[in-house]
Amino acid sequence: MRVLITGATGYVGQSVATALAAEGHHVSALTRDPDSGRARTLAGSGVRLVQGSLTDRAVIAETLTETDAVVHTAYDPADQVGGERALFAALAEADRRPHVVYTSGCSVYGEHAHARLTSATPVDGGSVRAGLEAGLRDTGVPHTVLRPGMVHGGDARSSIVGAWFRDALTTGPVHRGRRDKVWSWIHVDDLARAYAAVLRAPEDHRDRVYLLADSQPASASAVVEAAARAAGSTAPVTLRPIEDENPLYRVFDRDEVVDSSPARAELGWAPRESGVIEALPASFAAWRTVGAPWISSPHAMPSDAAGG
Ligand SMILES: NC(=O)c1ccc[n+]([C@@H]2O[C@H](COP(=O)([O-])OP(=O)(O)OC[C@H]3O[C@@H](n4cnc5c(N)ncnc54)[C@H](OP(=O)(O)O)[C@@H]3O)[C@@H](O)[C@H]2O)c1
C-alpha cells in the first residue's frame with residue numbers, strides 16, 4: 001500500500017514509519033524540512049520525503065493522487081487546529097479518498113471521573129481533540145481513530161517520561177498534582193504496530209475508535225520516582241501543587257486508565273514491549289543521545305491536546 005505519513009520525523013511518527021516500512025508498505029513522509037537529521041534518516045531507510053506543511057493544500061492534493069492511506073501523527077503546537085483542518089479539507093476534496101488513521105489521545109475526554117475509559121465513554125465536546133475528531137468525521141473520509149494512553153519508550157523525546165528525566169537532571173525529580181493518579185501506558189513501538197494492524201484491513205476498521213495501552217497501568221508517582229533513579233538521581237521527589245504548573249500537566253491530573261480490549265480483539269494487536277518502569281533505563285540511555293527538550297519545547301503550549 002502507498003502510505004503518506006504526516007509527522008514521520010516526530011516521536012510517534014518515526015516509529016510508525018519504521019513499522020509500516022517493515023510491513024512492505026511504500027511510505028512517504030510529509031515534512032517541512034527534508035534536510036533535517038530525522039528527515040534524512042527516514043530517507044536513508046527508503047522513505048520518500050514530501051516537502052510541505054499540513055496547510056500546503058497543493059502539495060497534499062498532489063500527493064493524495066498517489067496515496068492509498070494517510071497516517072496522521074503530525075502535531076503543530078503553533079497551529080494545531082488550523083493545520084489539521086487544512087488536512088481534512090484536502091482529504092474531503094480528494095478524488096481518491098484514502099483511508100486515514102488518525103492519532104488522537106485521551107484529552108478527548110476532558111476532565112472526567114471515569115474509572116476506565118472506553119471508546120463508548122462520552123467525550124468532552126469542548127476539547128480541542130474532540131473538535132478535531134468531529135472535523136475528520138464530517139469529511140466522510142474512511143478513517144480509524146487511535147487514542148493512545150501515555151506514550152513511553154524509544155528516546156522519549158515527546159513523552160512525559162522525557163520531561164521527568166529532565167527534571168531529575170536539573171531541578172531534581174518533581175511530582176505534580178494528585179499523588180494517587182494512575183495512568184495507562186503504551187510503548188511507542190507497540191503503538192506503531194497498531195497503525196500497521198489497521199492498515200492490514202482498513203475497511204474492517206472503518207469509523208472505529210481504538211484505545212491503546214498495555215495491561216499494566218502505573219501510578220504517575222511511581223514512574224516519576226523510577227525515572228529519576230534511571231537517570232541516576234538519588235534526590236527525593238518534590239511534590240508540587242498542580243495549580244502552579246504548566247497547563248499541560250493539568251490535563252491529566254486524574255486517573256487515565258483505558259480499555260484496549262477492542263483493539264486486541266479486532267486488530268489482532270497485543271503489546272509486546274516492556275512496561276513503562278522496565279523500559280526506563282533503555283529509554284533514558286536513548287533520551288540522553290537526543291537531549292530531548294520536552295517541556296521547554298513548543299509542546300509546552302497550553303493546549304488541552306498537547307501530549308495526547
Ligand atoms: N507524545 C505522547 O506522549 C503522546 C501521547 C498521546 C498522543 N500523542 C499524540 O500523538 C501525536 C504525535 O505526537 P508526537 O509526540 O509524535 O509529536 P512530535 O514528536 O512533536 O512530532 C511532531 C511532528 O509533526 C510534524 N509537524 C509539526 N507541524 C507540522 C506542520 N505544520 N505541517 C506538517 N508537519 C508538521 C513535525 O514534522 P516536521 O518538523 O518534519 O515538519 C513532526 O514530525 C500528537 O497528536 C500527540 O498529541 C502523543
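Read the numbers this way: they start at 1 and go in the same order the structure lists the ligands and their atoms. Residues: numbered from 1 along the sequence shown.
- No N or O atom of Gly52 sits closer than 3.5 Å to an N or O atom of ligand 1.
- Residues His99 and His143 keep their aromatic ring centres 6.0 Å or farther apart.
- Ion pair Arg116/Glu256 not flagged as a salt bridge, since none of the NZ, NE, NH1 or NH2 atoms sits closer than 4.0 Å to an Asp/Glu carboxylate oxygen.
- Within ligand 1, the atoms closer than 4.0 Å to a non-hydrogen atom of Ser104 are 7 (C), numbered from 1 in the order shown.
- The aromatic rings of Tyr102 and His72 sit parallel, their planes meeting at an angle under 30°, below the 60° perpendicular limit.
- Considering backbone and side-chain N/O of Tyr11, one or more are found under 3.5 Å from N/O of ligand 1.
- Near Thr73, meaning under 4.0 Å from one of its heavy atoms, ligand 1 places the atoms 11 (C), 12 (C).
- Considering backbone and side-chain atoms alike, Gln80 places every N or O at 3.5 Å or more from each N or O of ligand 1.
- Glu133 has no carboxylate O lying under 4.0 Å from a charged side-chain N of Arg129, or vice versa, which leaves the two without a salt bridge.
- Some N or O of Tyr75 is nearer than 3.5 Å to an N or O of ligand 1, by distance alone.
- Residue nearest to atom 36 (C) of ligand 1, selected from Gln14, Arg32, Arg38: Arg32 (by heavy-atom distance).
- Heavy-atom contacts of Thr31 reach the following atoms of ligand 1: 38 (P), 40 (O), 41 (O) (cutoff under 4.0 Å).
- The proximity of Ala39 to ligand 1, defined as any non-hydrogen pair under 4.0 Å, does not occur for either the backbone or the side chain.
- Close contacts between ligand 1 and Val151 involve ligand atoms 2 (C), 3 (O), 4 (C), 5 (C), 6 (C) [criterion: under 4.0 Å to a heavy atom].
- Taking a cutoff of 4.0 Å between a charged side-chain nitrogen and a carboxylate oxygen, Asp253 and Lys181 qualify as a salt bridge.
- Interface of Pro148 with ligand 1, defined as ligand atoms under 4.0 Å from a residue heavy atom, comprises 6 (C), 7 (C).
- Here's the thing with Arg157: none of its N/O atoms is less than 3.5 angstrom from an N/O atom of ligand 1.
- Interface atoms of ligand 1 facing Val12, defined by a heavy-atom separation under 4.0 Å, are 16 (O).
- For the residue pair Gln80/Arg85, the side-chain donor-acceptor check at 3.5 Å is not satisfied.
- Only the side chain of Arg129 comes within contact range of ligand 1, with a heavy atom under 4.0 Å; no backbone atom does.
- Salt bridge present: Glu266 and Arg208 bring a charged side-chain N and a carboxylate O closer than 4.0 Å.
- Of all atoms in ligand 1, numbered sequentially from 1 with element shown, those under 4.0 Å from a heavy atom of Thr103 are 9 (C), 10 (O), 11 (C).
- At a threshold of 4.0 Å, the pair Asp68-Arg96 counts as salt-bridged, since one of the basic side-chain nitrogens sits closer than that to a carboxylate oxygen.
- Ring orientation note: the planes of Trp185 and Trp183 are tilted relative to one another, at an angle of 30° to 60°.
- For a threshold of 3.5 Å applied to N or O pairs, the pair formed by Ile160 and ligand 1 contains no separation below that value.
- Annotation: cation-pi geometry not satisfied between Arg157 and Tyr11 (NZ/CZ under 6.0 angstrom from ring centroid, within 45° of ring axis).
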